[in-house]
Amino acid sequence: MKNQLTDIYECISKINKRFDDTIINESLLVEEQENLLGIDELQLRLASNLSEISDADTEEILLSKLIQLHLTLTDIEWQYEQIHDLFGTAMPNLAEKIKRKK
């Protein structure tokens, strides 16, 4: 997961550099880079959640562990949404640059 998100971040960052940092505001890229620092912790939480679910010995504990897993998955989803939003910002800006050239 971390490698994928980092590769995607690097891709959009390189595209931005190619266009002299005009496609995405640099502060958005810095913010996303900081967000990516939390991926290791998310991966550890996910592994822990999965382990705890298989060890749950009562229905109440199982429910609690499933809720924790759900929250972790929500945090993972948020990370992907943040990267996705960068592309949502980049595409119209790049389209505008292309339009102005014509």
Practice problem: Return yes when atom CD of Glu81 has more than 12 non-hydrogen atoms of other residues, nucleotides or ligands closer than 6.0 Å, and no otherwise. | Solution: yes
Quiz item: Under 4.5 Å between side-chain heavy atoms, hopping through other hydrophobics if needed: is there a path connecting Leu50 to Leu44?
Solution: no
Quiz item: Can Leu36 be reached from Leu73 by stepping across I, L, V, M, F, W or Y side chains whose heavy atoms are under 4.5 Å apart?
Solution: yes
Quiz prompt | From CG (Asp85) to CH2 (Trp78), nearest 0.5 Å | solution = 9.5 Å
Quiz prompt | Asp55 side chain near Ser51 side chain, heavy-atom distance below 4.5 Å | solution = yes
Practice problem: Quick one: closest heavy-atom pair of Asn93 and Ile23, and the distance? | Solution: ND2-O, 2.6 Å
Quiz item: Does Thr6 use its side chain to pair, donor to acceptor, with the backbone of Lys2 at less than 3.5 Å?
Solution: yes
Quiz prompt | From Ile53 atom CD1 to Ile61 atom CD1, the distance as rounded to the nearest 0.5 Å | solution = 12.5 Å
Practice problem: Treating Ile, Leu, Val, Met, Phe, Trp and Tyr as nodes and any side-chain heavy-atom pair under 4.5 angstrom as an edge, say whether Ile76 and Ile67 lie in one connected cluster. | Solution: no
Exercise. Give a yes or no answer on whether the side chain of Asn25 reaches the backbone of Ser27 with a donor-acceptor pair at less than 3.5 Å.
Key: yes
Quiz item: Once you round to the nearest 0.5 Å, how far does NE2 of His70 lie from CG of Leu63?
Solution: 11.5 Å
Exercise. Report whether Met1 and Leu71 are members of the same hydrophobic cluster (ILVMFWY, side-chain heavy atoms less than 4.5 Å apart, transitive linking).
Key: no
May I have the list of side-chain donor-acceptor pairs in residues 7-15 shorter than 3.5 Å, sequence neighbours left out?
residue	atom	partner	partner atom	Å
Tyr9	OH	Leu29	O	3.3

Practice problem: Step by step, work out the side chain to side chain contact (heavy atoms under 4.5 Å, CB included) result for Leu86 and Leu28. | Solution: CA-CA 8 Å; Leu86 288 179; Leu28 290 176; 4.1 Å; yes
Quiz prompt | Spatial distance of atom OG1 (Thr22) from atom CG (Asn16) [nearest 0.5 Å] | solution = 6.5 Å
Self-check item: Contact check, side chains of Leu46 and Leu69, non-hydrogen atoms, under 4.5 Å
Solution: yes
Quiz item: Can any side-chain N or O of Gln79 pair as donor or acceptor with the backbone N or O of Asn35 at less than 3.5 Å?
Solution: yes
Quiz item: CD/Gln82 to CD/Glu32 distance, rounded to the nearest 0.5 angstrom?
Solution: 5.5 Å
Self-check item: Step-by-step side chain to side chain contact (heavy atoms under 4.5 Å, CB included) determination, Lys17 to Asp21
Solution: CA-CA 5 Å; Lys17 291 285 183 217; Asp21 297 321; 3.4 Å; yes
Quiz item: Side chains of Glu26 and Val30: closer than 4.5 Å at any heavy-atom pair?
Solution: yes
Exercise. Using atom types as modelled and distance alone, determine if a side-chain donor or acceptor of Thr72 lies under 3.5 Å from a backbone N or O of Gln68.
Key: yes
Quiz prompt | Audit row: Asp75, Arg45, salt bridge (charged side-chain N to carboxylate O under 4.0 Å, His left out) steps and yes/no | solution = CA-CA 10 Å; Asp75 289 344; Arg45 272 180 40 206; 2.7 Å; yes
Practice problem: Report yes if some heavy atom in the side chain of Asp40 is under 4.5 Å from a heavy atom in the side chain of Gln43; otherwise report no. | Solution: yes
